[in-house]
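Here's the structure we're looking at; comments come further down.
No hydrogens, no waters, no symmetry mates; every other heavy atom, side chains included, goes into these values. Treat the numbers as computed from the prediction; the structure is a model and nothing was measured.
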Amino acid sequence: MEKIILASNSPRRKEILGKFNIHLRIEKSSVDEKVNEGDIPEQVAMALAFQKTLDVAERCDDGGIVIGADTIVVKDHHILGKPANYDEAFNTLKKLSGTYHHVITGVAIIKANTYKKVVFYEKTKVKIKDLSDDDICNYINTNEVWDKAGSYGIQGIGSALVESIEGDYFNVVGLPIARLSSILRKDFNIKLI
Ligand SMILES: Cc1cn([C@H]2C[C@H](O)[C@@H](COP(=O)(O)OP(=O)(O)OP(=O)(O)O)O2)c(=O)[nH]c1=O
């Protein structure tokens, strides 16, 4: 089977894809994740995923299928990325408290050498419980928030903050594996299962 290169520094993406019986290599991408006010969230997630994937694909002289992703949280049309500091994490969690938001993960698949590509996104709706200021401070102090879009991790202590989700859980964690596996099979003739 053709080797798969995951263009990501994310331990979660590695864990999700690493479960399958495939020839997997990890290559870190070095893309500056810039977002501008007014950008369309779905397009941002797909564009960033594409940039990360292309950055790695251009280095893969020996071929392979390169996969990259980008996860953002969207609340009232505003994109909430990873928090830069305590105040940003606090304000983000305060905004998410007691309400619904969407988690969008853009995914790009590029066949190195031929540059055949597929880019898509998946969206999951999440409701966060009502959080007191104390709850928010206590959660930030777990230090789980820093490398997570929207300042929470559903797979960790943040699980206690999530009231409900509609859609793919793995999309929230950073890789919509069900959709990805269908596309790998259909468009790249790669079977994860
Ligand atoms: C909302 C949410 C996000 N996240 C993570 C998924 C992503 O890894 C991260 C958003 O950052 P990304 O920029 O998508 O990814 P990354 O910087 O971790 O890795 P790379 O760019 O190298 O692929 O937030 C969770 O782990 N759990 C959650 O519940």
Task: Check against side-chain contact (heavy atoms from CB on, under 4.5 Å), D70 and F50 - done: CA-CA 9 Å; D70 192 81; F50 180 67; over 6 Å; no
Task: Intermediate values then yes/no, side-chain contact (heavy atoms from CB on, under 4.5 Å), I177 and Y169 - done: CA-CA 10 Å; I177 190 69; Y169 165 85; over 6 Å; no
- [ ] Please report the C-alpha distance between K129 and D135 in whole Å, then the side-chain angles of each, then the deciding distance to 0.1 Å, and finally whether the salt bridge (Lys or Arg N to Asp or Glu O under 4.0 Å) criterion is met.
- [x] CA-CA 10 Å; K129 293 197 302 203; D135 293 336; over 6 Å; no
TODO: Apply side-chain contact (heavy atoms from CB on, under 4.5 Å) to C60 and K3, showing your working.
DONE: CA-CA 11 Å; C60 292; K3 61 180 163 303; over 6 Å; no
Task: Pair T124-D168, side-chain hydrogen bond (donor to acceptor under 3.5 Å, both in side chains): steps then yes or no - done: CA-CA 6 Å; T124 305; D168 184 354; over 6 Å; no
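No donor-acceptor pair under 3.5 Å is formed between the side chain of T142 and the backbone N or O of N138.
Within the model, atoms CD1 of I22 and CG of L192 stand 5.5 Å from one another, a figure rounded to the nearest 0.5 Å. Distance OG/S159 to CD/E144: 7.5 Å, rounded to 0.5 Å. Of the inter-residue distances, the one linking K125 atom NZ with K123 atom NZ reads 10.0 Å to the nearest 0.5 angstrom. Distance OG1/T92 to NZ/K148: 14.0 Å, rounded to 0.5 Å. Atom CD1 of I183 is separated from atom CD1 of I190 by 12.5 Å, given to the nearest 0.5 angstrom. Here CG of N91 is found 9.5 Å from OG of S151. Values are rounded to the nearest 0.5 Å.
Tracing side-chain contacts under 4.5 Å through hydrophobic residues (I, L, V, M, F, W, Y), one reaches F20 starting from I26; they form part of the same cluster. Placement of V119 and L180 in two distinct hydrophobic clusters is found when ILVMFWY residues are connected by side-chain heavy-atom separations under 4.5 Å, directly or transitively. Hydrophobic cluster membership differs between I104 and I67, with clusters built from Ile, Leu, Val, Met, Phe, Trp and Tyr side chains linked at under 4.5 angstrom. Both I157 and I165 sit in one connected hydrophobic cluster of ILVMFWY residues. Membership requires side-chain heavy atoms under 4.5 Å apart, directly or through other members.
Taking the side chain as every heavy atom from C-beta outward, I109 and D187 never approach each other to under 4.5 Å. Side-chain contact between N9 and R13 is absent, with no heavy atoms from C-beta onward closer than 4.5 Å. L80 places a side-chain heavy atom less than 4.5 Å from the side chain of L96. Contact annotation: the side chain of F170 never approaches that of R12 to less than 4.5 Å [non-hydrogen atoms, C-beta and beyond]. Between V107 and F120, the closest side-chain pair of non-hydrogen atoms falls below 4.5 Å. A heavy-atom distance below 4.5 Å is found between the side chains of K111 and E2. Side-chain contact between V66 and E27: absent, with no pair of heavy atoms (C-beta onward) separated by less than 4.5 Å. Taking the side chain as every heavy atom from C-beta outward, V162 and V172 never approach each other to under 4.5 Å.
The aromatic rings of Y152 and H101 stand perpendicular to each other, their planes meeting at an angle above 60°, with 30° marking the opposite boundary.
The minimum heavy-atom distance between N113 and G63, with the atom names listed, is ND2-CA, 3.3 Å. Closest approach of A69 and T105 over heavy atoms only: CB-CG2, 4.0 Å. Nearest heavy atom pair, residue S164 against residue Y100, reads OG-CE2, 4.4 Å. When every heavy atom of G98 is checked against every heavy atom of D130, the shortest pair comes out as CA-OD1, 3.4 Å. Shown here for I79 and P41, the closest heavy-atom pair between the two residues is CD1-CA, 3.9 Å. Here the closest non-hydrogen pair linking L93 and G150 is CD2-O, 4.1 Å.
More than 12 heavy-atom neighbours from other residues, nucleotides or ligands sit within 6.0 angstrom of CG on N85. Heavy atoms from other residues, nucleotides or ligands lying under 6.0 Å from NZ of K75 number more than 12. Open room surrounds NZ on K14; 12 or fewer heavy atoms of other groups in view lie less than 6.0 Å from it. Atom CG of N189 has 12 or fewer heavy atoms from other residues, nucleotides or ligands within 6.0 Å.
Of the candidates R59, Q51, K52, D55 forms a side-chain hydrogen bond (donor to acceptor under 3.5 Å, both in side chains) with just one, namely R59.
By the 6.0 Å and 45° rule, K116 stacks over the aromatic ring of F188.
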